[in-house]
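Worth knowing before you read on, the calculation uses all heavy atoms, side chains too, and leaves out hydrogens, waters and symmetry mates. All values derive from a computational prediction rather than experimental measurement. Order of appearance sets the numbers: ligands from 1, and atoms from 1 within every ligand.
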Amino acid sequence: KAKKAEGLSPVEAAALLNIDDSELLKEMFEAAHIVKEKIYGKRIVMFAPLYVSNYCVNSCKYCGYKHENDELCRKKLTREELIAEVKALEKLGHKRIALEAGEDPINCSLDYILECIKDIYSIKFDNGNIRRINVNIAATTVENYKKLKDVGIGTYILFQETYHKDNYEVLHPTGPKHDYAYHTEAMDRAMTAGIDDVGIGVLFGLDMYRYDFAGLLMHAEHLEAKFGVGPHTISVPRIRPADDIDPDDFENAINDDIFEKIVAILRIAVPYTGIIVSTRETQKSRERVLKVGVSQISGASSTSVGGYAEKEKPEDNSAQFENNDNRTLDEIIGWLMDLGHIPSFCTACYREGRTGDRFMTLVKSGQIANCCAPNALMTLKEYLEDYASDEVKAKGEVLIKQELEKIPNPVVKQKATEYIENIHEGKRDFRF
Ligand code: SF4
Ligand code: SF4
């Protein structure tokens, strides 16, 4: 049933969590791999987080940004600092970012976030531009979600952290985030406001992982039933050390084997949803989950406010958590190609109006593969031309040549080939 790529119910998926037999696990991981390749092909989409403010009025026990952490250097980017950050990201080659901020209506108002988004879209540096801004900010009102939609955000991302209400209330003792119902119903308000693409997630390790795994899938089922479209993405962060946070304090922390199982089952349970893994994970652990269905990863990330433009001094620590994959973007691009993936900087769907149910229809009919593969190759070529080292460029050129040959639609193949051949003439941003 999983191999048909039509999804599984939360109950079926939860049952699969009990598999321990090595042969059955192998079969399940293979199924997850097949489903990922069937729907999205070999492409892995790249993004980077951009932290604009770490002021926060909440007290989430697992987060370095929590209100009572006096050791943290609190910052909010000025316009000049924001421009410097965006230029630094564009200089790396990034096209897609996740804008991140703590919750603080005074020090970091929604108006400030809206201004940041408008500024980021307007900053062009050499051939660089940020083409899609996903936004990860606190739960808010329908009215505010409408404002976010109006400035052109990509996905609205909000993690539930844990679906277990009692534990949630203990982990979020004070601040607006303490309100479980308000937080849990945020995606309903976002979708009511017209935001088509929403991204959900839990912080694995906060509660019993089986409970939160089931909660994630039931949340996805609820959104699909109510709005006709499930979550655009699911993120699977795990508890990490941060200033003031020791993961050993969290007895529900999950190991790499369980983590891999969770990703694989998510892939086959919700085949049309992107699965995101960040630099919280090590290279080794990212390698494992890339094989079983992850479709989007961050690279060369800074979790500090202002961390791209300036290397932070240890005494000015403003990071939310510690990275476990500190490689450069160039190293990550080379590594992805060595593993048989096509690194992609594609942002086409949202910019072509393929969001929400329009996006899901294309994915379910299998037609999205006609867009993902050529867009991946064209944006990879842009990266190679503008930012890559000689070694990665050489590797990428070979890959692009091989993969262009495999595009089944002759018109798409011809257009993509033409674009790729002419890219050195300053042409950028062609997309399907
Ligand atoms: Fe603030 Fe978010 Fe950290 Fe909680 S998780 S302390 S809301 S930044
Ligand atoms: Fe994502 Fe759409 Fe681009 Fe495919 S074509 S990588 S689904 S934005």
Item to complete: Anything under 30° is parallel, anything over 60° is perpendicular, the rest tilted; go ahead and classify Phe227 against His222.
Response: perpendicular

Discussion item. Students should be able to answer this: which protein heavy-atom is nearest to atom 2 (Fe) of ligand 1, and at what distance?
Written reply: Lys177 NZ, 4.0 Å

Practice prompt. May I ask you to list the atoms of ligand 2 that are less than 4.0 angstrom from any heavy atom of Cys372?
Written response: 4 (Fe), 5 (S), 6 (S), 7 (S)

Item to complete: Number the atoms of ligand 1 from 1 as they appear, then name those within less than 4.0 Å of a heavy atom of Gly102, with their elements.
Response: 8 (S)

Worksheet entry | For atom 5 (S) of ligand 2, the protein heavy atom that lies nearest, with its residue and separation | Asn375 ND2, 3.5 Å

Practice prompt. Kindly indicate whether the side chain of Leu148, heavy atoms from C-beta on, has any atom under 4.5 Å from the side chain of Ile137.
Written response: yes

Practice prompt. Show which atoms of ligand 2 fall inside a sub-4.0 Å distance from at least one heavy-atom site of Ala348.
Written response: 8 (S)

Worksheet item: Is Val229 close to Asp196 at the side-chain level, that is, under 4.5 Å between some pair of heavy atoms?
Response: no

Item to complete: Look at the rings of Tyr51 and Tyr65 and say which category their plane angle falls in: under 30° parallel, 30 to 60° tilted, over 60° perpendicular.
Response: perpendicular

Discussion item. Taking 4.0 Å as the limit for heavy-atom contacts, which would you say applies to Tyr350 with ligand 2: side chain only, backbone only, both, or neither?
Written reply: neither

Worksheet item: Which heavy atom of the protein is the closest neighbour of atom 1 (Fe) of ligand 1, given with residue, atom name and distance?
Response: Cys56 SG, 2.2 Å

Response to the item:
So for Val45 against ligand 2, with non-hydrogen atoms under 4.0 Å, the contacting part is side chain

Fill in: Proximal ligand 2 atoms for Cys346, defined as those under 4.0 Å from one of its heavy atoms
3 (Fe), 5 (S), 6 (S), 8 (S)

Worksheet, complete the sentence: From the list His178, Lys177, Glu68, side chain to side chain donor-acceptor pair (under 3.5 Å) with Ser59 holds only for Glu68

Worksheet item: Who's the nearest protein heavy-atom neighbour of atom 6 (S) of ligand 2, and how far?
Response: Arg43 NE, 3.2 Å

Worksheet item: Taking Thr233 as the fixed residue, which of Thr155, Ile275, Ile200 is the one that meets the side chain to side chain contact (heavy atoms under 4.5 Å, CB included) rule?
Response: Thr155

Discussion item. List ligand 2 atoms under 4.0 Å from Cys349, heavy atoms only on the residue side.
Written reply: 2 (Fe), 5 (S), 7 (S), 8 (S)

Worksheet item: Heavy atom of Phe359 under 4.0 Å from ligand 2?
Response: yes

Discussion item. Taking N, O or S atoms only and a limit of 2.8 Å, check whether Cys60 reaches atom 4 (Fe) of ligand 1.
Written reply: yes

Worksheet item: Distance under 6.0 Å and angle within 45° of the ring axis: does Lys415 meet both against Phe430?
Response: no

Item to complete: Return the orientation label for the Tyr350 and Tyr121 ring planes: parallel under 30°, perpendicular over 60°, tilted otherwise.
Response: parallel

Discussion item. Taking the six-membered ring of Tyr182 as reference, does the cationic atom of Arg189 (NZ for Lys, CZ for Arg) lie under 6.0 Å from its centre and within 45° of its axis?
Written reply: yes

Worksheet entry | ligand 1 atoms in contact with Lys66 (distance to a heavy atom under 4.0 Å) | 6 (S)

Item to complete: Kindly confirm whether atom 3 (Fe) of ligand 1 is within less than 2.8 Å of some N/O/S atom in Cys63?
Response: yes

Discussion item. Does any part of the side chain of Pro231, heavy atoms only, come nearer than 4.5 Å to the side chain of His219, both counted from C-beta?
Written reply: no

Worksheet item: Can you tell which part of His67 has a heavy atom less than 4.0 Å from ligand 1: side chain, backbone, both or neither?
Response: neither

